[in-house]
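A short worksheet on the structure shown next.
Proteins come first, then strands; the chains are lettered A, B, ... in the order of their sequence lines, and each starts at number 1.
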Amino acid sequence: MLYLFSVRYSGAEGRAVMYFYDDEGGTLRAVPDHSGHKPYLLTELPPEELLEKYPEVVRHPGFNKLDVVEKYDALSDRWVKMTKVEALDPLSIGGSPKSIREVLRGHTWESKIKYHHCYIYDRQLIPGMPYVLTNGEPKPVEVEVPESIRRLVKSLSEDKIQEEEMLEWARLLNAPIPKIRRIAIDIEVESEAFRVPSPKLAEDRVIAVSYYSSDGKRGVLLLRRRSEDEEKSINIPGAEVRFFDNEKDLLHAVFTLLDSYPVVLTFNGDNFDLPYLYSRALKLGFKKENVPIVWSEKAEYAELRNSIHIDLYKFFTNKSMKVYAFGNKYREGQTLDEIALALLGKGKVKHEDTIPEMSYEKLAEYSFRDAELTYELTAFSDDLVMKLIILMMRISKLPMEDLTRHNISAWIRNMFYFEHRQRGWLIPNPEEIIQQKGETSTKAIIKGKKYLGAIVIDPIPGVYFNVLVVDFASLYPSVIKTGNLSYETVRCPHEECKKNIVPGTTHWVCTRKKGMMSSLIGILRDLRVYVYKKVAKESKDDEEKQQYEVIQSALKVFLNASYGVFGSEAFPLYCPPVAESTTALGRYAILKTMRRAVDLGIPVLYGDTDSLFLWNPTQEQLEKLLQSILDELRIDLSIDKEYKWVVFSERKKNYLGALKDGRVDVKGLVGKKRNTPDFIKNLFTDITSALSQAENITSFEESIEKIREDIKRAIRLLKEGEIPLDQLAFNVVLTKDLEEYNKTTPQHKKAAQQLLMEYRKLYGSVPMSVTRGSLVSYIKTRDKQGVKHLQLARIDEVDVEKYLEVMKTTLEQVLDALEISFDELLGVSPIDEFLRPQQK
DNA sequence: ACGAGTAACGC
DNA sequence: GCGTTACT
């Protein structure tokens, strides 16, 4: 079968070219689009007026023709006549200052036509979906939806139309996912130490290129630079090593490889590997047509002429991917080493020599590992990431190159735009939404925020046994669905709807029409919660089970961001009242549930946004609560967690609990935060795990003796200087570049500056980058600065006193709540004992 | 270039 | 009291 992966505009052919992946041959097929569909803009100016006011439009060399079309304007709830201005190619429509869009500025509706996507939309071809070619025309492959899913869909939908809509989504999600033949590439260049090679100038030789493919082609291409003796001993397990006398031949071999795979994977290939190969090749005298890389300085990404290039650096630094798909397992997600260690448990090859100094063998090993890791990032868990990409292409309707390079707001934007075009709706201009629906009616608690957010209920401090946590599964998508929230339905133009107020706001919601966002997000939510999670759990077939798992997690990525985008100015359907109404309905739901629980006699200990902590409810009380909330709010409340015990302090978002299955759950406490020194973090973990053994109040007492010993030992080691420096380091991320800290000088900035200064002294230049996103490790010291970068500090400079204080405040977060005094715990306070002589 | 709310700490 | 970070 053929799977649509991408569509590009070909200037040479004057039309779009569709790229299909043929899963039988494992090849990419370019199919020219002969449908006659052209990119277009819409304007409310009637044709005569347009011709009169903007005669240059029809004289534009890219102009094709004018048409009148009927479109639904959701903001005014009317069908309107629009003039469709068609162009011969995407470039004449948007982008350049001389484009038709610029000429018509202020009149265009479809202001975001970019690249080629309009071709796909009008043809209703969906990226990632299977097709067959009939006389060169792609026809969708019929997708069978299993009976079990059909039944679930039927039971969920309110009417026939909605059932059909849901089934359409089910076909999209259930369509087969191809195994993708692909190759990962990594290059090394001969640059001097501490100089970042420029991909534009490409001054240094390419000395190694590694590749690692899905069909077993794996190896390293090396440039011969010194005596041949070294060559004989090279053995890299799993890799074929080839030497080239001449760089040009090496590049030629690389280009042949690139050309023979439908998908090429790199890590940072957009900014380094591919532009470098491109510039280097031209520099060595290659003709452009013999280089399969398409690149220019202002290009957004490096494209390959005959394949799809995925830059995994861009994909894995995408916040949604980090947070939702991988549970935030890696933090900055900046380096291949870090991401690979987190997801694969294997990092880059460590090395001491610089790249040009390395032996052939070391260089090959180092480079090959990079290619291997790059490939493995897409291959682990049975090609999980490739499958996720295909599914998210289908949901967002974005081609593979675009999906992997853009953030969630672009995915959701594209999903909604597609829906507009499908239904014959106009895509509203951002300014019009703001103009008609701009205002908010609530006041945010946090300074600088636009509207009121979630509720956090004050915890009741103490230790509680048998605590049950109930939560709303995806609360915000649920209230968007049940509240009929959408940019066109909130503050709609109908007089009779103004009575239908969103509690806690001055907004009203349409009672006549179903909102697009509401219906789409509702369908995706129901499919995830009631269909795919369920069939994934019940499926006996491993492969099928995995596909359902991938589907539900792909849906999760979209649902989790579906509320946030409406509160973001960068989102073109930005609509503050929608975002504000969402949190308002969320607050309404949680407060209502809390009141109901109290009425039923269940003590509520704590709650945050979408969850409530209930103290020892009876089965009957619980069932009543869940049922009455489902009946009344039409949002299902379910049991999330069960604790043997939970400890609350007076602080919100701070608690410690032991789950029924024996795990400990620590939220928000400093002892868990990643900037806390490992030494304290480890001690904290020891204490919480000792506590987790406790089944009742008396066994708490027994744990305390062990805790006492742990703390005493830690203090002794600290005083004796036995704790290694790295265990004492605070680890804090620079969220801005150094120069931007102009209001204050935080400690991590100080430490970063010290390090840079030291390197300048040693090398005259700065070898590493200390920029936005870097993690800075520092030690608290006794000198005037009070802080030293980990790499510059000595063990005898450690400010033991400060560390004891940090230790105390950190541990007290747990001990306080248990009514254990840190000092008392230690009997004669070793801290005082230690501090006294020092203070004199 | 997805939201708001909370805590802690240094300046 | 504000700025910054990490967390929910």
Rounded to whole angstroms, how far apart are [atom1] on [X] and [atom2] on [N]?
X	N	atom1	atom2	result
Asn731(A)	dC7(C)	CG	C1'	16 Å
Lys314(A)	dA1(B)	NZ	P	12 Å
Leu452(A)	dA4(B)	CG	P	11 Å
Glu580(A)	dG3(B)	CD	C1'	13 Å
Asp458(A)	dT8(C)	CG	P	19 Å
Tyr451(A)	dG3(B)	OH	P	8 Å
Lys681(A)	dA6(C)	NZ	P	11 Å
Lys780(A)	dG10(B)	NZ	C1'	8 Å

Which listed nucleotide (dC11(B), dC2(B), dA6(C)) is nearest to the side chain of Gln747(A)?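 Nucleotide nearest to Gln747(A)'s side chain: dC11(B).
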
Nearest-nucleotide pick for Asp608(A), side chain only, options being dT8(C), dG5(B), dA6(C): dT8(C)

No-hydrogen, no-angle side-chain donor-acceptor test under 3.5 Å, [X] and [Y]:
X	Y	value
Gln747(A)	Lys780(A)	yes
Arg413(A)	His406(A)	no
His507(A)	Glu580(A)	yes
Tyr301(A)	Asp402(A)	yes
Thr781(A)	Asp783(A)	yes

Indicate whether OP1 or OP2 belonging to [N] is found under 4.0 Å from a side-chain N or O atom of [X].
X	N	answer
Lys653(A)	dT8(C)	no
Tyr741(A)	dT5(C)	yes
Lys652(A)	dC7(C)	no
His748(A)	dT5(C)	yes
Arg651(A)	dA8(B)	yes
Ser568(A)	dC2(B)	no

Base, sugar-phosphate, or nothing for [X], non-hydrogen atoms under 4.0 angstrom?
X	answer
Thr809(A)	sugar-phosphate
Ala579(A)	nothing
Lys749(A)	nothing
Phe571(A)	nothing
Ile412(A)	nothing
Ile445(A)	sugar-phosphate
Gly564(A)	base
Lys443(A)	nothing
Thr745(A)	sugar-phosphate

Measure from NZ or CZ of Lys397(A) to the centre of the six-membered ring of Trp169(A) and say whether it is under 6.0 Å with the direction within 45° of the ring axis. yes

Would Lys749(A) count as a cation-pi partner of Tyr741(A), with NZ or CZ less than 6.0 Å from the six-membered ring centre and within 45° of the ring normal? no

Report the residue (Ser562(A) or Ala454(A)) whose heavy-atom-nearest nucleotide on DNA chain B is the more 5′ of the two. Ser562(A)

Closest-nucleotide 5' rank along DNA chain C - winner of Thr609(A) and Lys447(A):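 With Lys447(A) and Thr609(A) compared, the 5'-side residue is Lys447(A).
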
